[in-house]
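Since this is a predicted model, take the numbers as computed values, not measurements. Both backbone and side-chain heavy atoms feed into the values below; hydrogens, waters and symmetry mates do not.
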Amino acid sequence: MSRIGDRFRDAGRRLLIPFLMAGDPEPGWTVDLMHAAVAAGADIVELGVPFSDPMADGVVIQHAHERALRQGINLTGVLDLVARFRTADRDTPVVLMGYLNPVEAFGYEAFASAARAAGVDGIIVVDMPLEESTDLAHALYSEGIDLVFLLAPTTSRARVRAIAAVARGFLYYVSLRGVTGAAHLDLAEARARVAAVRSITTKPVGLGFGIDGPDAAKSAAGFADAVVVGSALVSRIAVLEGQRERAMSEVAAFIGSLRNAMGHTTPAPSVG
């Protein structure tokens, strides 16, 4: 079992997964932001890989991609940041989230090997359909890295079953019919859909897109195994560009508020 699986099994609570864009607003901030997130209660860190055409992301994270790209951050640079994080933290799982083109350009086997060496635990490839995932999955699984798939509100039961058969780590349920940070999160629908996924697989289910604060995180933690928070965190960092210490403090405070709202003692689900 991977570090991700171990964390779901051993945490004793619903997991909190904050999203940070690697290199945003400056490469020198990223590792410190990761450590600040963990110290404030993050269970897994999701690290964005900057890309020029982030089709699944709303305006907040699109701008984070742009800022990071202006800093010259590419996939190799992201792996370097993970390796730096690992010099002080050998335990917290790190999941990369990005798009297929940089991984294809790197080469599947070369990427999997480099990711393992850096200390990456999993990857979400937003625009890679299940039907095209075989070669990448084989390369990643050979290195002990989990491939995490997205599920949408429109994903059929048959397709959930097919994805769950291939995915490792956890399943990421996208709670909105839209891009990251969109409004109008329907928690009742998300609850029903997560329950439907659970009737098909015992793999943990994380919920993201549209979790904007402690109240939504608390509600989501009532039925999802993990809560992913992205745009609400990235937007806080964006307005504090140039204010490093204040950014670290406010990120820690925001993540701490999410963790407190979600609670600390909710039993973790069984992992299958």
Side-chain angles (χ1 to χ4, degrees), residues 1-9 15 17-20 22 43-51 54-57 75-76 78-79 81-83 85-86 92-152 155-156 158-175 180 194 197-198 200-209 224-226 228 230 269 271-272:
M1 187 176 290
S2 69
R3 259 188 298 231
I4 295 171
D6 289 343
R7 185 55 56 98
F8 274 100
R9 182 191 63 198
L15 303 191
I17 308 178
F19 170 92
L20 299 166
D43 298 288
I44 296 172
V45 175
E46 187 178 312
L47 196 59
V49 179
F51 185 58
M55 65 187 74
D57 291 303
L75 184 52
T76 298
V78 174
L79 295 179
L81 291 171
V82 176
F85 174 74
R86 284 282 173 243
T92 303
V94 175
V95 176
L96 303 186
M97 185 171 187
Y99 293 82
L100 184 58
N101 184 270
V103 178
E104 282 196 327
F106 203 112
Y108 291 166
E109 292 184 359
F111 167 72
S113 177
R116 178 196 55 75
V120 171
D121 299 285
I123 182 170
I124 303 163
V125 184
V126 176
D127 56 344
M128 184 187 66
L130 174 66
E131 291 78 9
E132 298 176 13
S133 67
T134 302
D135 290 344
L136 178 58
H138 176 74
L140 293 172
Y141 296 165
S142 296
E143 297 287 356
I145 298 172
D146 293 335
L147 182 56
V148 178
F149 283 84
L150 300 175
L151 301 176
T155 304
S156 68
R159 190 162 182 83
V160 170
R161 187 174 292 107
I163 290 171
V166 175
R168 294 189 184 177
F170 66 100
L171 298 168
Y172 187 141
Y173 177 71
V174 174
S175 56
T180 57
V194 169
V197 172
R198 284 226 184 86
I200 297 169
T201 178
T202 58
K203 286 185 169 68
V205 182
L207 184 142
F209 286 41
D225 302 313
V228 184
V271 179

Colleague: Please check if the side chain of T92 supplies one atom and the backbone of I44 the other of a donor-acceptor pair under 3.5 Å.
Modeller: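 Side chain of T92 to backbone of I44: no pair is present.
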Colleague: Where does the angle between the aromatic ring planes of Y99 and F51 fall among parallel (under 30°), tilted (30 to 60°) and perpendicular (over 60°)?
Modeller: parallel
Colleague: Keeping to residues at least two apart or across chains, list the salt bridge (charged side-chain N to carboxylate O under 4.0 Å, His left out) pairs with something in residues 122-137.
Modeller: E131-R159
Colleague: F19 and G230: which non-hydrogen atoms are nearest, and at how many Å?
Modeller: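 Answer, listing the atom of F19 first, then G230: CB-CA, 3.7 Å.
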Colleague: Please find the pair of heavy atoms, one from I145 and one from A112, that lie closest to each other, and give the distance.
Modeller: CD1-O, 3.5 Å
Colleague: When rounded to the nearest 0.5 angstrom, what distance separates CG in L136 from CD in E104?
Modeller: 9.0 Å
Colleague: Please give me the minimum heavy-atom distance between L130 and S133, naming the atom from each residue.
Modeller: O-OG, 2.7 Å
Colleague: What closest approach, in Å, do P102 and L75 show between heavy atoms, and which atom pair accounts for it?
Modeller: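 Scanning both residues completely, I find the closest heavy atoms to be O-CD2, 3.7 Å.
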Colleague: Just wondering, do F149 and K203 contact through their side chains at under 4.5 Å, heavy atoms?
Modeller: no
Colleague: Taking the side chain as everything from C-beta on, heavy atoms only, tell me whether T155 gets closer than 4.5 Å to Y173.
Modeller: no
Colleague: Would you say the side chain of I17 lies within less than 4.5 Å of the side chain of V95, judging by non-hydrogen atoms?
Modeller: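 No; the side chains remain at least 4.5 Å from each other.
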Colleague: Check salt bridge (charged side-chain N to carboxylate O under 4.0 Å, His left out) between R3 and all other residues, then give those that pass, not counting sequence neighbours.
Modeller: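 Salt bridge (charged side-chain N to carboxylate O under 4.0 Å, His left out) check on R3 returns D121.
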Colleague: Under a 4.5 Å cut-off applied to non-hydrogen side-chain atoms, are V82 and L96 in contact?
Modeller: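 V82 reaches L96 side chain to side chain.
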Colleague: Quick one: closest heavy-atom pair of V78 and A22, and the distance?
Modeller: CG2-CB, 3.7 Å
Colleague: Scan residues 140-150 for pairs that pass side chain to side chain donor-acceptor pair (under 3.5 Å), counting only residues two or more places apart or in two chains.
Modeller: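 Side chain to side chain donor-acceptor pair (under 3.5 Å) check on residues 140-150 returns S2-D146, R116-E143.
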Colleague: If we only count heavy atoms from C-beta on, is the R168 to I4 side-chain gap below 4.5 Å?
Modeller: no
